[in-house]
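What follows is one structure encoded as structure tokens, with my remarks underneath.
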Amino acid sequence: MRGQLALAEHESGRIRRVNKMTLARAARRAREGFDDFVHSKLYIAFIAVVAYVLWYSENLLAAIAVLGVTGGLVLALVRDMVPMVPFVTMAPCVVHVDKMPGELWQYALAVLPVVAGLAIHIACYRRNKVASPKSNLLAMALLVVAMALGGLFSPAAQDGMTAFINVLYVGVAPLGVYFFVKLYGEAKCRLGDYAAAVMAIWGMLTAAQAVTVIGGAYADGIDIASNGYVPRLGWGNSNVYPTVLMMCMAFNFYFMGKSWKLVVPYAFLTGIQFACVMYAHSRGALIFTIVVIAAGLIAVTVYNRKNPLYWAVLAVALAALALVLTFYWERLTLILGNTFEDKLQSSGRDYLYIEALDRFFENPMFGAGFGYVGYVTRLHTESGFYQLHSTLFQTLGSMGLVGVLAMAYVYVMRYYTVFARATRVKIFFFIAMIGFEGYSLINTSTFTGLPCMTVIYMLLALFELETAHNAGDIPVGATVKQLLAGR
């Protein structure tokens with residue numbers, strides 16, 4: 001009898017061990033499957049579709065809650081921070097309102113899953129060692145210091161809380177995201193292709209939202225060809241969303257160069273995106289979008305100059321474009337005529353530039369700071385930030401010579417990252433930056449923390465990770481738990 005009981009207990013223990021092993025294998029496979037999913041283009045497309053649906057629903061609280069849970073899961077289950085790049089890029093695109101509601105504490109509660117996921121991630125996963133003289137980290141950090149020092153000794157009227165918030169938004173937040181991508185990023189996929197896919201799909205999302213807004217206005221009987229029509233997506237006004245589209249268009253050409261089969265669909269997408277920019281009625285955006293398209297077309301043609309299939313498909317695409325222009329020529333000339341009807345007459349920016357120079361000469365070393373309340377008009381104050389509508393003049397007026405030096409260092413390191421080991425995807429990133437930097441000379445994009453600068457910083461982090469991986473040089477450190485244990 002004792003022998004039978006012992007045998008039964010032994011068999012029961014064996015079954016429990018087998019069940020545990022089976023569950024462990026199933027959990028490992030599920031986790032590996034999830035890991036593979038978040039490193040795929042399907043995941044990037046999933047984030048874009050979710051963002052569009054949440055944006056279209058116009059329920060901001062629900063949107064933030066859904067994003068909070070999604071982001072928290074990714075942070076908790078995946079060591080690699082690369083899958084957070086599409087998430088951070090497209091998360092702002094769920095905002096469909098022009099003004100944030102007053103009960104912000106509810107929205108703070110909705111992001112608690114992200115905070116919890118981030119805490120788990122930092123505590124449990126091994127980090128990379130990011131110290132490198134060739135990274136953008138020091139340049140970005142010095143720019144944040146220059147922002148914080150902005151306005152020191154200035155007699156101009158300033159608001160301390162506004163300055164604090166703006167330095168966090170424009171400087172610290174983008175730097176923090178860049179740092180975490182570098183700290184926990186891995187090369188589990190082709191990072192250049194992943195970055196290009198994020199940008200291309202972000203462009204599809206933005207175009208879909210713009211088409212929805214502009215199409216809705218047309219259905220309501222609004223004259224969308226009029227210069228008085230100003231489309232707003234909520235998260236992006238008629239200056240911000242064209243900036244996003246012109247940056248994303250460059251990566252359409254990157255994928256055209258990957259395969260001749262992609263030339264027609266991406267050419268069609270580029271045409272839709274150009275129309276969305278055109279209906280924004282922004283002269284600067286339109287000019288630099290044309291520059292990006294021309295540069296992208298030249299680059300992809302150079303890369304595929306020996307491919308006869310590319311030339312054949314390009315000829316078909318150009319013939320289709322000529323046909324479309326023939327049918328819509330009058331409409332096109334009407335829109336362009338309305339956009340450029342005041343030619344080079346003032347839009348108020350010249351007064352802002354004079355004001356920036358006044359603040360610079362008033363306090364050459366540190367400028368008037370990011371809490372500067374301004375003199376011209378509240379029209380140029382967006383989200384509490386007195387925008388001087390130019391990278392150059394905002395730098396001079398807000399940070400003075402200290403800011404000029406810091407910004408120069410940022411640009412040197414940014415384009416060192418691009419050209420030190422120039423790959424195809426970096427060339428198309430540079431084309432995107434031609435449009436971004438050019439338009440930012442007369443616009444606010446350089447000092448827009450989300451989405452513009454955060455996305456640029458994340459792409460630079462991916463390029464640096466890819467370069468380090470190719471060189472076999474991504475050293476891994478310890479987890480926080482191991483550090484606390486003295487290991």
Side-chain angles (χ1 to χ4, degrees), residues 130-160 162-179 182 349 352-374 385-420 429-430 433-434 436-449 452-461 463-464:
V130 298
S132 170
K134 297 179 181 179
S135 79
N136 287 267
L137 180 60
L138 179 59
M140 295 173 180
L142 289 176
L143 180 60
V144 172
V145 172
M147 290 179 180
L149 292 175
L152 194 64
F153 308 125
S154 174
Q158 302 177 56
D159 181 84
T162 298
F164 177 73
I165 293 171
N166 287 334
V167 171
L168 287 181
Y169 167 64
V170 179
V172 176
L175 173 61
V177 174
Y178 162 87
F179 182 71
K182 285 295 297 292
R349 284 179 171 87
L352 288 170
Y353 300 160
I354 293 171
E355 184 178 2
L357 291 175
D358 286 343
R359 302 290 76 74
F360 171 72
F361 289 119
E362 186 176 68
N363 188 24
M365 191 61 68
F366 299 107
F370 283 84
Y372 174 58
V373 297
F385 188 2
Y386 193 80
Q387 297 276 13
L388 295 168
H389 284 260
S390 168
T391 301
L392 174 62
F393 290 104
Q394 190 81 53
T395 301
L396 287 170
S398 298
M399 295 182 285
L401 289 174
V402 170
V404 170
L405 293 174
M407 189 66 79
Y409 187 28
V410 165
Y411 279 115
V412 168
M413 293 310 302
R414 179 180 299 172
Y415 294 108
Y416 173 83
T417 302
V418 172
F419 291 112
F429 170 76
F430 177 67
M433 293 308 294
I434 291 174
F436 174 83
E437 305 285 16
Y439 188 35
S440 296
L441 288 174
I442 55 171
N443 196 41
T444 63
S445 303
T446 296
F447 293 92
T448 303
C452 297
M453 291 314 301
T454 300
V455 172
I456 291 170
Y457 281 15
M458 289 192 297
L459 294 182
L460 290 171
F463 296 151
E464 289 178 14

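Counting begins at 1 with the first residue of the sequence.
- Within the 3.5 Å criterion, the main-chain N or O of Ala163 finds no donor-acceptor partner in the side chain of Gln158.
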**Report entry** Step-by-step side-chain contact (heavy atoms from CB on, under 4.5 Å) determination, Phe429 to Leu460
**Finding:** CA-CA 10 Å; Phe429 170 76; Leu460 290 171; 4.1 Å; yes

Requested in this report: Evaluate the side-chain contact (heavy atoms from CB on, under 4.5 Å) criterion for residues Met433 and Ile456: first the C-alpha distance (whole Å), next the side-chain angles of each, then the deciding distance (0.1 Å), finally the verdict.
Outcome: CA-CA 9 Å; Met433 293 308 294; Ile456 291 170; 3.7 Å; yes

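- Residues Ile442 and His389 are not in side-chain contact: their nearest non-hydrogen atoms beyond the backbone lie 4.5 Å or more apart.
- Salt bridge present: Arg414 and Glu437 bring a charged side-chain N and a carboxylate O closer than 4.0 Å.
- Under the 4.5 Å side-chain criterion, counting only non-hydrogen atoms from C-beta, Phe436 is in contact with Met453.
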Query raised in the report: Step by step, would you call Glu355 with Tyr372 a side-chain contact (heavy atoms from CB on, under 4.5 Å)?
Result: CA-CA 11 Å; Glu355 184 178 2; Tyr372 174 58; 2.5 Å; yes

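- At least one side-chain heavy atom of Val170 sits less than 4.5 Å from a side-chain heavy atom of Met147.
- Taking the centre of each ring, Phe370 and Phe164 stay at or above the 6.0 Å mark.
- Panel note: side chain Asn363, backbone Leu152; a donor-acceptor pair is recorded below 3.5 Å.
- A pairwise comparison of heavy atoms in Ser154 and Ala368 identifies OG-CA, 3.7 Å as the closest pair.
- Residues Leu388 and Leu352 come closest through the heavy atom pair CD2-O, 3.8 Å.
- Between the side chains of Ser390 and Asn443, not a single donor N or O lies within less than 3.5 Å of an accepting N or O.
- Annotation: side chain of Met365 is not in contact with side chain of Phe153 (no heavy-atom distance under 4.5 Å).
- Of the possible donor and acceptor atoms, none in the side chain of Thr444 sits under 3.5 Å from a partner among the backbone N and O of Ser440.
- By the 30° and 60° cut-offs, the orientation of the rings of Tyr353 relative to Phe393 is parallel.
- If you take CG on Leu396 and CE on Met407, they are separated by 10.0 Å, rounding to the nearest 0.5 Å.
- No side-chain heavy atom of Tyr416 sits less than 4.5 Å from a side-chain heavy atom of Asn136.
- Minimum interatomic distance between Val373 and Tyr386 (heavy atoms only, all atoms of both residues): O-CD1, 3.5 Å.
- The minimum heavy-atom distance between Ala461 and Tyr178, with the atom names listed, is CB-CD1, 3.6 Å.
- At distances below 3.5 Å, not a single donor-acceptor pair connects side-chain atoms of Thr446 with backbone N or O atoms of Thr391.
- Counting heavy atoms from C-beta outward, Val177 and Tyr457 have side chains that stay 4.5 Å or more apart.
- For the 3.5 Å distance criterion, the side chains of Ser398 and Gln394 qualify, holding a donor opposite an acceptor.
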